[in-house]
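Everything on this sheet refers to the single structure shown next.
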Number of protein chains: 2
Amino acid sequence: MADDDFTMQDEMRRAFSMLSGKWKLEIMWLLNQRVHRFGELRKVIPGITQHMLTAQLRELEADGLISRTVYAEVPPRVEYEMTAKARGLGPTMEALTAWWLEYGKTVPQKAITRGRKKQRLEK
Amino acid sequence: MADDDFTMQDEMRRAFSMLSGKWKLEIMWLLNQRVHRFGELRKVIPGITQHMLTAQLRELEADGLISRTVYAEVPPRVEYEMTAKARGLGPTMEALTAWWLEYGKTVPQKAITRGRKKQRLEK
DNA sequence: CGGTATCCAAAATGATACTG
DNA sequence: CAGTATCATTTTGGATACCG
């Protein structure tokens, strides 16, 4: 009966939690395309602070979604990459992208500034 | 060249923002399965407060992802449903579900309590 | 370069009480 | 039943300083 639905949602909760950080979808979307260095992520995610980027990356790493590789060079280089587990998210990211490209544009612009100021137009 | 990537990510940002609330993925996943009443959502999303549920629903509505229908009955009944626009998210939700069912179980349990206490096991 | 640490401000979320 | 109002707590942002 609806019992299956309940169990399913219950299992999904961990997945929701792992992707619910404020910048995690964007980070995972970027890493799904290719490996990124720390500085690269900072550059391509306007508005994120070093502090938050570090925190979100640490959480994703703790959840086993990304791996962190430090290269012993000067200056140091650190690369973030999807783990094998997270690479299974590819179809999800691609479906999300396809959805937005098809239905997203049908909406007025609003304000996308994810910085804290005017996160959302008048409530 | 990489210009396309930049533009793409730039457009995707609105989509990320619309789905980045703490409970939005779970709400959309549930609504993707069927229409839900306010009280139903409360019941099937353990830990969410009335306040937060209301807030998240209002934001999703403002973003055109869900519709709110009030039935003039006593006691009042309010149903939330995906809009045509959001129904395009179906494949995304299904890909996410398929991913988790295949790769998710490979992980230790940790703590899923999404309440604010012990959101995450030792950091 | 890729962080960590600190301090403060603002925003998001939670808890509880109350209401049409 | 489906909220709103109020207040408390947590999370996130901003800025700056410091380090291997």
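From a predicted model like this one, the values you see are computed outputs, not experimental measurements. Chain letters run A, B, ... following the sequence lines, proteins first and then strands; every chain starts at 1.
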NA contact type, B:E73, heavy-atom cut-off 4.0 Å: base, sugar-phosphate, or nothing? nothing
Could you tell me how far apart B:L57 (CG) and C:dA12 (C1') are, to the nearest whole angstrom? 16 Å
When rounded to whole Å, the CG to P distance for the pair A:L41 and C:dG3 reads 10 Å
Base, sugar-phosphate alone, or nothing: which one does B:R37 contact when heavy atoms must sit under 4.0 Å apart? sugar-phosphate
Whole angstrom value for the distance that separates C1' of D:dT10 from CE of B:M52: 12 Å
Rounded to whole Å, how long is the line connecting atom CD1 of B:I48 with atom P of D:dG3? 12 Å
C:dT13 P sits how many Å from B:Q56 CD, rounded? 5 Å
d(CZ, A:R77; P, C:dG3) in whole Å: 13 Å
Whole-Å gap separating C1' (D:dC1) and NZ (B:K43): 10 Å
Any carboxylate oxygen within less than 4.0 angstrom of a Lys/Arg side-chain nitrogen, looking at B:R68 and B:E79? no
In whole angstroms, how far is the P atom of D:dC1 from the NE2 atom of B:H36? 16 Å
Respond yes when some side-chain nitrogen or oxygen of B:R42 is under 4.0 Å from OP1 or OP2 of D:dG3, and no when none is. no
Under a 4.5 Å cut-off applied to non-hydrogen side-chain atoms, are A:L57 and A:L41 in contact? yes
Any A:M18 side-chain heavy atom under 4.5 Å of A:L65 side chain: yes
Taking only N and O in the side chain of A:T49, is any of them less than 4.0 Å away from OP1 or OP2 of D:dA15? no
Should A:E40 and A:R34 count as an ion pair when the cut-off is N to O under 4.0 Å? yes
Quick one: does A:I45's side chain get under 4.5 Å of A:L30's, heavy atoms only? yes
Counting only side-chain heavy atoms from C-beta out, which of C:dT6, D:dA2, C:dG3 sits nearest to A:H51? C:dT6
Using a cut-off of strictly less than 4.0 Å, decide whether B:Y80 has a side-chain nitrogen or oxygen near OP1 or OP2 of D:dC1. no
Please confirm whether the shortest side-chain N or O distance from B:R68 to OP1 or OP2 of D:dG3 is below 4.0 Å. yes
Pick base, sugar-phosphate or nothing for A:E79, based on heavy-atom distances below 4.0 Å to the nucleic acid. nothing
Does a nitrogen or oxygen in the side chain of A:W23 sit under 4.0 Å from OP1 or OP2 of D:dT11? no
When we call it a touch if two heavy atoms are under 4.0 Å apart, what does B:Y71 touch: a base, just sugar-phosphate, or nothing? nothing
